[in-house]
Amino acid sequence: MANKLELTWYGKEEPIQVEPRLLIENTSLSNTAFDPETENRLIHGDNLLSLKALEHLYAGQVKCIYIDPPYNTGSAFEHYDDNLEHSQWLNLMRPRLEILWNLLLKEGSIWISIDDDERDYLKVLCDEVFGRDKFLTSIIWQKRYSRENREAIGDSHEYILIYVKNRDAFKEARNYLPLTEKQMKAYSNPDNDPRGPWQSVSLLAQGFRPNQMYTIIAPNGKHHTPPAGNCWKVIESEYRKALEDNRITFGNDGNGVPRRKQFLKDAKGLVPWTWWPQDEVGHTGESKNEVNALFGTASFDTPKPERLIERIFHIATNPGDLVLDSFLGSGTTAAVAHKMGRRYIGIEMGDHAYTHCKVRLDKVIAGEDKGGVTKSTGWQSGGGYRFYELAPTLIKQDAFGEYVINSDYDADMLAAAVALHEKFTYQPDTSLFWKQSFANENSYLFVTTRHLNRAYLDLIHGTMGENEYLVIACRSYDNGLEKAYDQITIKKIPQMLMSKCEFGKTDYNLNIVHPPVYEDEEETDEE
């Protein structure tokens, strides 16, 4: 597109062809004793491969995504110059953001924690991937409660970027924040109104509207007119109705300007705003204490407090909604989702999936986690999750350099894996063996490891309906057989899959394989 405004970086145009992998439940690590039907997932593996595995299963189903990606402080990119650092980081983020966006439903939102190092790069990248009109706002989270005196200007905050699928749908679905204790104290009942505590709010509005410019005569005879630049909020007939209903107050002595009673019972709550102070949602010291209480020592430099995640989920979700975090870290997001009654998917690449995420969730389920938002949510114990590992690559090279089907795959795994690649839903029919997977009610996929001959093909065709169509994926077939029936398409494995993705790669953490060599640099061979 000509004159398109976009962010460019080294490696952006290099396509990343991610292999869709199966997710295999490790039942020995799942925790389902209290909830055998649980839909919660804890996934160990590279998050790009994991997201690719989830893309077809959960497209358009996730209500809220929260991620806390690495902030590119430089420690992970010490071998590259500064420009390449940003390229590495952007290449890490873009394909993940593209899949995450596909997972959101219409009312869905994605919340991304970030600091000043990459905030502006991330904003432009998200504008490009999601659409600039999908940007809702940027939250400022006060992460410190004490001054930072080591820097030239103390670092006291981080950001949370929010993008939404549909502004109107999100606004309609989002929840108000509950009133704080301080705000509750503003309500009282000095006149013993049977409707309960109330506070007075202004009856004035800015601007000039002729039908809202009238004189109000107080019960004591005092006259009130709107000051310059203002009018009353309602027309005179509506004011009189409110007066008759005892919803107008003139102060304790009757000499005050007219104000409207707002009853506590009618208060919806507070519209969320962009300033989140530490006393409301926690700070980094609080989050480190939470981790210490669970694991003995803090293993993460920047954990997020449970109260911060609780607020996000309170605004963006309701009990039973599905949430996702693809940079799970110590498991905070999943733990909070569990306590709040949300369904969740958490992905963690490293050993933290075993040593922190699983351990933390097991303590939540057992009722042994007494910290964080346990008290505010009323959490006690129960629930469950399933633990998944990524399946090995489907196609690999043999000793002769030929691409072959991985022998780790049995017939069922192969059928499910090919279905995932071809975007079919794997669901074997109980009566017709060739109806293994379907794209719709008339289109099917059959995966077989046997050689396909004419007799076997005729057998299948004889059981097909007139308007049914079938793709057969097999190891080999007789010459010319692919033209036997218009309703049947025959393909060979692995040839049918080779051009669609990169097989065998297990780590997409850094995607630039061949960094550029600049003129003033010399290439050296290193062991």
Side-chain angles (χ1 to χ4, degrees), residues 136-137 139-142 162 167-282 307-308 310-319 373 375-378:
L136 183 67
T137 193
I139 300 294
I140 298 174
W141 166 48
Q142 183 190 9
I162 309 174
R167 281 175 170 267
D168 292 337
F170 176 80
K171 183 178 180 181
E172 181 67 24
R174 70 98 169 89
N175 296 309
Y176 291 88
L177 294 176
L179 299 176
T180 65
E181 183 176 345
K182 180 180 179 181
Q183 290 154 347
M184 293 280 284
K185 289 180 178 179
Y187 290 84
S188 62
N189 196 358
D191 60 350
N192 295 316
D193 193 305
R195 289 164 291 193
W198 54 271
Q199 66 172 337
S200 67
V201 296
S202 177
L203 198 60
L204 292 170
Q206 290 184 341
F208 176 85
R209 298 177 181 85
N211 62 342
Q212 292 170 222
M213 301 293 294
Y214 49 89
T215 299
I216 291 178
I217 303 175
N220 65 1
K222 187 174 182 179
H223 288 56
H224 299 274
T225 56
N230 289 266
C231 61
W232 300 122
K233 279 187 177 179
V234 295
I235 61 176
E236 188 171 8
S237 60
E238 292 299 317
Y239 159 74
R240 293 192 176 280
K241 288 180 182 178
L243 182 65
E244 292 173 4
D245 194 31
N246 191 25
R247 290 179 178 269
I248 303 297
T249 177
F250 294 88
N252 293 333
D253 60 1
N255 290 313
V257 297
R259 294 173 64 86
R260 178 173 57 86
K261 284 184 177 181
Q262 184 180 71
F263 291 93
L264 178 60
K265 69 180 184 64
D266 297 326
K268 295 180 180 179
L270 301 173
V271 173
W273 66 342
T274 57
W275 167 240
W276 290 10
Q278 55 82 22
D279 60 333
E280 293 182 7
V281 296
R307 286 196 289 160
L308 179 69
E310 179 189 32
R311 172 167 288 192
I312 293 171
F313 288 166
H314 176 87
I315 294 170
T317 69
N318 294 302
V373 299
K375 184 177 180 180
S376 63
T377 59

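All heavy atoms count here, side chains included; hydrogens, waters and symmetry mates do not.
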Could you give the distance from [atom1] ([X]) to [atom2] ([Y]), rounded to the nearest 0.5 Å?
{"X": "L264", "Y": "N189", "atom1": "CG", "atom2": "CG", "result": "10.5 Å"}
{"X": "D266", "Y": "K261", "atom1": "CG", "atom2": "NZ", "result": "12.0 Å"}
{"X": "L179", "Y": "K185", "atom1": "CG", "atom2": "NZ", "result": "13.5 Å"}

Checklist entry - Taking it one step at a time, do I315 and Y176 satisfy side chain to side chain contact (heavy atoms under 4.5 Å, CB included)? => result CA-CA 6 Å; I315 294 170; Y176 291 88; over 6 Å; no
Check: [Y] and [X] side chains under 4.5 Å, non-hydrogen atoms:
{"X": "S237", "Y": "Y239", "value": "no"}
{"X": "L136", "Y": "R167", "value": "yes"}
{"X": "Q262", "Y": "S200", "value": "no"}
{"X": "R259", "Y": "V257", "value": "yes"}
{"X": "I235", "Y": "R209", "value": "no"}

Checklist entry - Between the main-chain N or O of W141 and the side-chain N or O of W275, is there a donor-acceptor pair closer than 3.5 Å? => result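 No, W275 side chain to W141 backbone: no donor-acceptor pair under 3.5 Å.
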Next on the checklist: Check this for me: does any side-chain nitrogen of one of E244 and R240 sit under 4.0 Å from a carboxylate oxygen of the other?
Outcome noted: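 Salt bridge between E244 and R240, a charged N being under 4.0 Å from a carboxylate O: no.
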What I want to check is whether the side chains of [X] and [Y] have a donor and an acceptor closer together than 3.5 Å.
{"X": "Q142", "Y": "Q278", "result": "no"}
{"X": "W198", "Y": "D191", "result": "yes"}
{"X": "Y187", "Y": "Q199", "result": "yes"}

For the residue pair [X] and [Y], what are the closest heavy atoms and their distance?
{"X": "I248", "Y": "F250", "answer": "CG2-CE1, 3.8 Å"}
{"X": "C231", "Y": "P226", "answer": "CA-CB, 3.8 Å"}
{"X": "W273", "Y": "I139", "answer": "O-CD1, 3.8 Å"}
{"X": "R195", "Y": "F263", "answer": "NE-CZ, 3.4 Å"}
{"X": "P178", "Y": "L270", "answer": "O-CD1, 4.1 Å"}
{"X": "P272", "Y": "R174", "answer": "CD-NE, 4.0 Å"}

Checklist entry - R247: what forms a salt bridge (charged side-chain N to carboxylate O under 4.0 Å, His left out) with it, not counting sequence neighbours? => result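 Listed in chain order: D245.
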Checklist entry - Under the side-chain hydrogen bond (donor to acceptor under 3.5 Å, both in side chains) rule, what pairs show up with a residue in residues 216-233, not counting sequence neighbours? => result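 Qualifying pairs: N220-N255.
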Item to check | Residues E310, I312; criterion side chain to side chain contact (heavy atoms under 4.5 Å, CB included); working and verdict | outcome: CA-CA 5 Å; E310 179 189 32; I312 293 171; over 6 Å; no
Item to check | Exceeds 12 heavy-atom contacts within 6.0 angstrom, atom CE of M184 | outcome: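 No.
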Checklist entry - Which is it for L177 and R311 under the side chain to side chain contact (heavy atoms under 4.5 Å, CB included) test, yes or no, and what are the steps along the way? => result CA-CA 8 Å; L177 294 176; R311 172 167 288 192; 3.8 Å; yes
Checklist entry - Given the rule in the side chain to side chain contact (heavy atoms under 4.5 Å, CB included) test, do L203 and I216 qualify, once you have shown the distances and angles that lead to the verdict? => result CA-CA 11 Å; L203 198 60; I216 291 178; 4.1 Å; yes
